[in-house]
Amino acid sequence: MTDQLTRRELLKRGAAGSALLTVPGLLAACGGKAKSSSAKSAHKLAKTLHFSNWTLYMDTNKKKHTFPSLVEFQKKYGVHVDYVEEINDNASFFGKIQGQLSRGQSVHRDIVVLTDNDRYLSLMIKKGYVEKLDKSAIPNMKNLVDVQKHPNFDQNRDYSLPWQSGMTGIAYNDTLTGPVLSVDDLLTNPKLKGKVTCLNSMGDALTLVMLSNGDDPSKVTDKSFNAAFNRVKKAVDSKQIRQFTGNDYAPILARGDLMAAMSWSGDIAQLGNKHIHWNVPKDGGALWTDNMLIPKGGNVYTASFYMNYVYDPKVQGLMEAGDPKKNITGIYYIPPVAGAGEWAKKSDPSVASNPLIFPTKKMLDSVHLFDNNALNNQKYLTQWQNLISA
Amino acid sequence: MAVDERIQQSLERAAESSGTPDIRLDRITKSFGDIIAVDDLSLEIPRGSFFALLGPSGCGKTTTLRMIGGFEEPTAGLIYLGEREVSGTPPYKRDVNTVFQSYALFPHLSIFENVAFGLRRKGTRGGNLKGKVEEMLDLVQLSGYGKRKPRQLSGGQQQRVALARALVNSPRVLLLDEPLGALDLKLRKEMQLFIKRLQHDVGITFIHVTHDQEEAMTMADRIAVMNEGQIEQLGTPDELYERPQTAFVASFLGISNLLTGAVAGPDEVRLEDGTTVRVRNGSLNGRKGRVAVGIRPEKIRPDDHDPNRLPGKVKERAYIGVSTQYIVETPNGNITVVVLNDRPGTVPLGPGDRLTLSWDPEATFVVDSLEGSA
Amino acid sequence: MSFFHRHRGLTPYLLLGPGIAWLAVFFVVPLGFLAYQSLQSGNFDIGYAFTWSWGNYWHAIRDYHAQFVRSLEYAGLATVLALVISYPVAYWIAFRGGRWKNLLLLFIVAPFFVTYLIRTLAWETILSDNGFVVNTLQSLHVLGSSGRLLATSTAVVTGITYNFLPFMALPLYVSLEQIDGSLIEAAEDLYASKLHAFLRVTLPLSLPGVVAGTLLTFIPAAGDFINAQLLGSPENHMIGNVIQSKFLELTDYPAAASMSFILMAGILVAVAIYARIVGTEQLTGTAT
């Protein structure tokens, strides 16, 4: 049960609980002064790279409990990666590091990973909490897939680089219901009443609803926001929607308490339950991407050097697919590196042919990014939060 | 006035069933697992008496009391309260009240409410209740203390509250479980007399459990000496002291000199060194073979005035004030002698002095030989 | 040593020193900061400024009074349930537990070696729509055939009750265990039936435990949000959920801070009313 739970949401509440007690800034008064960003460290690799990532987000040797790509990196370049799976949701992690960053202190991390359909990624960049990438150290950046090259929160990819992507769509349990393929069905089909959940992430949920309304989620207006919001609210009031969840919907879905759920592709791929099917909804789904950032005070050159390493299609392919023969599991999300699929095919063809990991062109055409401005619109956020926690 | 009323009440009660003892235990046994605490014990306690159960700890006296109170059920046997057989009857349905060793006063209730507890349960209300409680507090010399909490009272005062709380219900029998154990010596002496007087005034049957022989002798009309779950001897304090029937009773109550020997003829015993002593007429009671002759220390004279004589040598001397106690070495073992210091100017004997001890055959008692028992 | 002799009057204060310092650093200062923050205005992007913004309090009450009331309601219900459930258990362990006492206490505490979150998730499974509990209740017609427990107030209150049970059971056990058995015998000796002896002696003497347990359960329960989030639906959310979302999701720190203060005030009022009813003597434990 816990395996599916861990990646995003499991510890969210626990972490949030302790964060509440921690008046920001008061207890975070330790930590040294950040190095100024202009003082570019010489092109010399540090001994250790501090990398904070989400749980279950790296190729793993199940037998030896090691991360093969990180072991390989150390072997090749002599840099030890201090890899910490400490991010369970964007808000909590941001809450954890923002106090020190706002006072110009280092958070002793070289790479952190935040999601583009939550507000914190762009907030980090806007507030100047991140270092500029050393692009001279990342020649492999040329392999970045086209669709990711110019996101509106970082037009030239000066500060961020995708780690992995995922899609938001609808999952259903075929032992309890026929196919649930549209947002319409999910929000209004009386047969599903009280047996569906909606994601508590505004970007994910509203992208799907707006597409179903025929609106463009990448350019949110008050009108399109209200239309989508009211539709969700109506489904809450009519008790169609049972709960708002993070990825804790996965075990409930597997258990049979839910017939259908708004859900993330990677969770369903990891779940591996033949009765649970995931689809991009009829009117389109959401695409989100977790991005690597170098927080202020991080070692820019070493971090950039590592980014270059993972942007090598061969390395990325192996990370994605793992190697069943060697007991290595892959990441199983959507890689942002062009050409990774060819290498993945060599170690695990089933991964390379899985549309949840290497989506078809048709799939990619039907998934959309949420408007970044709307993510930071306090009015929208407040309204949304009141809906999901009232 | 009120006390008279209560005496009247108990006299009436006595009249309606005169001759029936207040408590009758009929062959009761109580075992806890493998341990037999009370062993086939039978006992009658007459109406209006102050009765003591005396014995060392673990002798079964408290268990016996708790069975009368209803806190333990006998494993076998019957318990009668008056004419009624009560085994199986819970404590709250028995016309018996208890003064607990720890007093067990309710800490959250005032003294008044502590005393009123039983009356309230029996349905007494209003002025009647107030009158009875205050009268009882008066009787135990605690009028004016009604509003206080138990923890604000001294040990002796708490003890008296415990008495009042039990007596106010005018039970058929009052049970006292080592009630004076927690008090200091002076207070204990005072309370002994106080309780004795109280019993005399109210006329209720008191059953008092104690391990203190002096306390039992001071307070009780009759004493049952218990040992290993059985009654060794039952009688008045002076019977027990003057005519103990077993070595256990003889040594548990006061000091006894026990000289072992063998029956040598009617009322004659030959001691181990060959001396023949006479004993009280009939005290051999048909015994044959080995016996022990007992003489209380104060009944032995340090001279040859009386017919039974033994030579000896003073080993130790302890001056007590009213008397002097000697330990005298004799061929039959050490003998304790107590001499009253009633003649001024007498030069006391010192360690090493030789002397003759003598005593009257009437002052002796005979028990089965000590050998093999404590 | 001589210092203490010369300044005997100071000694108690010196001994209190570390405790006072601890309180100051970890309670008074954060509380002061929270109070300061609760009167700020602004937002995360432009920054916050202290403006005596009492409106934060007014808005919190205007917009979220339902959640405040619900929190006190759920916490109160859970407290009563926890009391009703744990009193017999604590009683039994204290008076009948014998040599198994410690083991039985361990059983009460044992589930709490598991993280709060996982425990609550376990309840998600127990109360599952197709689970044993729901099926049984359905077959007994307590629940309709389409009825469910998850995502209802029943599940939330059940979860809170379960999660705070030891905070109720342990103080109860301690106060019951301290009662001298001869007091109960004395009551029975004075014509009280078992029930009366319980009502007149055992229950009043265990009141300090009841009070301690009630406070230890009610206060944290009122601020809880995990149970509501995992076992409830949005209409069961408590003020803790709102504070969490204000603090973490909306980074609206002044709103979160003012709500924390309102919750604190609400709890204080509830405790004051409670103290009025049971008597302050019980609250401070001076009656034993």
Side-chain angles (χ1 to χ4, degrees), chain A residues 1-2 5 10-17 19-27 89-92 94-95 98 102 118-120 123 126-127 176 193-195 197-198 200-202 236-237 239 241-246 248 251-252 255-258 376 378 381-382 384-390, chain C residues 26 29-31 33-34 37 43-45 47 63-64 66-67 115-118 120-122 124-125 127-131 134 146-148 150-152 223-226 228-253 255-257 260:
Chain A
M1 179 177 97
T2 46
L5 267 179
L10 176 61
L11 299 175
K12 176 173 180 178
R13 282 93 193 195
L20 263 187
L21 298 174
T22 315
V23 177
L26 258 181
L27 301 177
D89 82 307
N90 291 288
S92 304
F94 180 76
Q98 71 90 12
S102 69
D118 211 327
R119 58 191 292 219
Y120 302 100
L123 210 53
K126 206 158 74 185
K127 287 256 172 188
L176 301 170
K193 187 179 168 186
K195 294 282 184 185
T197 55
C198 177
N200 58 17
S201 145
M202 179 173 87
V236 173
D237 292 343
K239 305 202 190 296
I241 293 176
R242 174 195 183 109
Q243 266 176 307
F244 288 90
T245 65
D248 44 340
I252 318 180
R255 203 166 56 213
D257 281 2
L258 295 178
N376 286 289
Q378 195 72 21
L381 283 168
T382 307
W384 178 254
Q385 284 299 324
N386 284 347
L387 175 68
I388 68 170
S389 72
Chain C
F26 292 106
V29 171
L31 207 65
F33 185 80
L34 204 65
Q37 204 170 33
N43 64 47
F44 191 79
D45 290 337
D63 297 341
Y64 302 104
Q67 284 87 342
T115 355
Y116 191 24
L117 197 73
I118 301 293
T120 311
L121 285 171
E124 216 178 63
T125 310
L127 300 178
S128 144
D129 294 11
N130 307 307
V134 169
S146 63
R148 61 165 202 245
L150 270 190
T152 65
D224 186 72
F225 61 97
I226 292 186
Q229 181 134 15
L230 292 182
L231 304 175
S233 71
E235 69 227 54
N236 308 124
H237 278 189
M238 298 164 71
I239 197 64
N241 301 89
V242 179
I243 295 176
Q244 185 220 6
S245 99
K246 288 279 177 205
F247 198 97
L248 286 177
E249 306 290 343
L250 297 172
T251 50
D252 188 350
Y253 302 137
S260 304

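Within every chain, numbering begins at 1; the chains are lettered A, B, ... in the order of the sequence lines, protein sequences first and strands thereafter.
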query = Who wins among Ser245(C), Ser233(C), Ser128(C), Ala151(C) for the most heavy-atom pairs under 4.5 Å with chain A?
reply = Ser128(C)
query = Stepwise, does the side chain to side chain contact (heavy atoms under 4.5 Å, CB included) test hold for Met202(A) with Glu249(C)?
reply = CA-CA 10 Å; Met202(A) 179 173 87; Glu249(C) 306 290 343; over 6 Å; no
query = Which bit of Leu123(A) is near chain C, if near means a heavy-atom gap under 4.5 Å: side chain, backbone, both or neither?
reply = side chain
query = By a 4.5 Å heavy-atom criterion (distance strictly below it), what part of Ile252(A) contacts chain C: side chain, backbone, both, or neither?
reply = side chain
Sort [X] into side chain, backbone, both or neither according to what part of it lies under 4.5 angstrom from a heavy atom of chain A.
| X | answer |
| --- | --- |
| Thr251(C) | both |
| Leu150(C) | both |
| Leu231(C) | backbone |

inquiry  = Restricting to ring-ring contact (aromatic ring centres under 6.0 Å, His included), what partner residues turn up for Phe94(A), sequence neighbours left out?
reply    = Tyr120(A), Phe44(C)
note = If you tally heavy-atom pairs under 4.5 Å between each of Asp257(A), Leu381(A), Asp118(A) and chain C, the highest tally belongs to Asp257(A)
request  = For each of Arg119(A), Lys126(A), Lys195(A), tally heavy-atom pairs with chain C at distances under 4.5 Å, and name the one with the top tally.
outcome  = Arg119(A)
note = salt bridge (charged side-chain N to carboxylate O under 4.0 Å, His left out) filter on Lys246(C), not counting sequence neighbours, yields none
note = Shortest non-hydrogen pair, Ile388(A) vs His237(C), comes out as O-CE1, 3.0 Å
note = Shortest non-hydrogen pair, Leu248(C) vs Ser92(A), comes out as CD1-OG, 3.9 Å
ask   = Gln243(A) side chain to Gly232(C) main-chain N or O, any donor-acceptor pair under 3.5 Å?
value = yes
query = Has the side chain of Asn43(C) got a donor or acceptor atom that lies under 3.5 Å from a matching backbone atom of Gln378(A)?
reply = no
Asn386(A) side chain reached by Gln67(C) side chain, heavy atoms, under 4.5 Å = no
task = Starting at CZ of Arg148(C), measure out to CZ of Arg242(A) and round the result to the nearest 0.5 Å.
result = 4.5 Å
